S.K.: 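This structure is in structure tokens; I'll ask about it shortly.
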Amino acid sequence: NAITAIETFSERGTAGNVTIMAEDHVHLENILSQGTQRGGDISIESRSENSIDAQGELNTFSTEGIAGNVTLTSPGNITISGIRSQGREQGGNVTVESGTGEINSTGNIDSFSGQGLGGNIDLNATESVNLANVSSFGATESGNLRIQSRTATVNTGNVTTQAPAGSSGSIVINGEEVGTGDLTSIGTTSAGAINVEATDGAITTYDIEISSDGTIGDLILRAPEDIT
């Protein structure tokens, strides 16, 4: 268990990685890894069904280079207050995986790069997935977003991929029933596909936009009940 803030910092180079591995429940506050050239990776693993509870934000930053990856894995429930991986040249990948439980996030999950590549975001659980906004922004290319519950509902805020000077990534959302905010894929050279599937219920969503000066991906909404 970690109950206080954790920070690694490098004024001129690479920040250290933060790795937490526990046989039991993990409870933690804010984690920040910040380096001028590279932000460190944040990796949290609980091997217990008692889960991961991140009450503070998990952030990795690089002011000049590449941000770290953020990875959370547990057989049980995972609770998040927000994740951000931001690098000037590249935002890191974000992976959250619950083997038998739920994923719940009260804050946004973002990968961001002001000049380069946004990272991929992969959120996968057996039970329900409940999220605020999820986004990958990269000036020249954004990452792909995948949000999946294998046996229950998925509810999200706005889900966005955006690349003002390149290709935006795809958005894939799967669950027994799916509810989302706005779904947006915007790129200049190409825009990624949006694919939402409910296996045993309805899809409820708001505005959907796939926009590009070049090629655009397909929009697929598939459900056995209403799509609204």
Side-chain angles (χ1 to χ4, degrees), residues 20-28 42-55 58 69-83 93-111 119-136 143-161 169-185 192-206 208 217-228:
I20 298 172
M21 300 179 66
E23 297 295 332
D24 207 339
H25 175 73
V26 176
H27 174 90
L28 51 91
I42 298 173
S43 178
I44 303 169
E45 178 182 358
S46 168
R47 297 174 182 172
S48 167
E49 293 185 2
N50 289 333
S51 76
I52 296 170
D53 183 8
Q55 293 193 352
L58 311 178
N69 300 319
V70 180
T71 304
L72 282 72
T73 56
S74 172
N77 297 336
I78 298 176
T79 301
I80 307 162
S81 298
I83 297 173
N93 298 322
V94 177
T95 303
V96 181
E97 183 161 2
S98 169
T100 61
E102 303 177 352
I103 297 172
N104 296 289
S105 180
T106 57
N108 297 338
I109 299 174
D110 302 309
S111 179
N120 298 320
I121 298 177
D122 191 353
L123 310 170
N124 190 357
T126 298
E127 297 297 332
S128 63
V129 178
N130 301 289
L131 309 171
N133 300 331
V134 181
S135 72
S136 177
N144 299 314
L145 307 184
R146 185 170 74 98
I147 302 168
Q148 178 177 350
S149 166
R150 295 188 287 278
T151 65
T153 62
V154 172
N155 289 290
T156 76
N158 299 332
V159 180
T160 305
T161 62
S170 61
I171 296 171
V172 176
I173 303 175
N174 296 318
E176 280 196 344
E177 190 166 275
V178 176
T180 76
D182 296 342
L183 303 176
T184 306
S185 176
I194 296 177
N195 187 330
V196 182
E197 181 174 2
T199 59
D200 193 31
I203 294 173
T204 303
T205 188
Y206 286 84
I208 300 175
D218 295 331
L219 169 63
I220 300 172
L221 304 176
R222 184 181 293 115
E225 297 185 11
D226 292 344
I227 298 174
T228 58

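Values in this document were obtained by computation on a predicted structure and should not be read as measured data.
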S.K.: Without placing hydrogens or testing angles, list every side-chain donor-acceptor pair under 3.5 Å for residues 218-228, not counting sequence neighbours.
M.R.:
none

S.K.: What distance do Asn93 atom CG and Asp122 atom CG have between them, rounded to the nearest 0.5 Å?
M.R.: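 These two atoms lie 9.5 Å from each other.
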S.K.: Is it the case that Ser170 and Asn144 place a side-chain donor and acceptor less than 3.5 Å from each other?
M.R.: yes
S.K.: Output all residues satisfying side-chain contact (heavy atoms from CB on, under 4.5 Å) with Ser105, sequence neighbours left out; order by chain, then residue number.
M.R.: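 Ile80, Ile109, Leu131.
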S.K.: Compute whether any side-chain donor of one residue and acceptor of the other, for Thr205 and Thr180, lie under 3.5 angstrom apart.
M.R.: yes
S.K.: Would you confirm whether Thr153, through its side chain, and Val178, through its main-chain N or O, come within 3.5 Å as a donor-acceptor pair?
M.R.: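 No; zero donor-acceptor contacts below 3.5 Å.
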S.K.: Is any side-chain heavy atom of Leu58 closer than 4.5 Å to one of Leu28?
M.R.: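 A side-chain contact exists here, since the closest heavy-atom pair is under 4.5 Å.
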S.K.: Decide yes or no on side chain to side chain contact (heavy atoms under 4.5 Å, CB included) for Ile83 and Ile121, but give the supporting numbers first.
M.R.: CA-CA 11 Å; Ile83 297 173; Ile121 298 177; over 6 Å; no
S.K.: Taking the side chain as every heavy atom from C-beta outward, state whether Ile20 and Ile52 have any pair of such atoms under 4.5 Å apart.
M.R.: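 A side-chain contact under 4.5 Å is absent here.
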S.K.: Is a side-chain donor or acceptor of Asn77 paired with a backbone partner of Glu102 at a separation under 3.5 angstrom?
M.R.: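 Looks like yes, one N/O pair under 3.5 Å.
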S.K.: Answer with yes or no whether the side chains of Thr151 and Thr126 bring together a donor and an acceptor at under 3.5 Å.
M.R.: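 No, no side-chain donor-acceptor pair sits under 3.5 Å.
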S.K.: Rounded to the nearest 0.5 Å, what's the gap from CG on Asn195 to CZ on Arg146? Could you check?
M.R.: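 Interatomic distance, Asn195 CG to Arg146 CZ, rounded to 0.5 Å: 12.0 Å.
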S.K.: When rounded to the nearest 0.5 angstrom, what distance separates CD in Glu127 from OG in Ser149?
M.R.: 6.5 Å
S.K.: First locate atom OG1 of Thr184, then atom CD1 of Ile194, and finally report the distance between them rounded to the nearest 0.5 Å.
M.R.: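 Separation between the atoms: 6.5 Å.
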S.K.: Using side-chain hydrogen bond (donor to acceptor under 3.5 Å, both in side chains) as the criterion, list what pairs up with Thr95, not counting sequence neighbours.
M.R.: none
S.K.: Between CG of Asp53 and NE2 of His25, what distance do you get to the nearest 0.5 Å?
M.R.: 5.0 Å
S.K.: After noting the C-alpha distance and the side-chain angles of Thr161 and Ser185, does the key distance pass the side-chain hydrogen bond (donor to acceptor under 3.5 Å, both in side chains) rule?
M.R.: CA-CA 5 Å; Thr161 62; Ser185 176; 3.3 Å; yes
S.K.: Will you find, in the side chains of Asn124 and Arg150, an N or O donor that is under 3.5 Å from an N or O acceptor?
M.R.: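 Side-chain D/A pair, Asn124 to Arg150: present.
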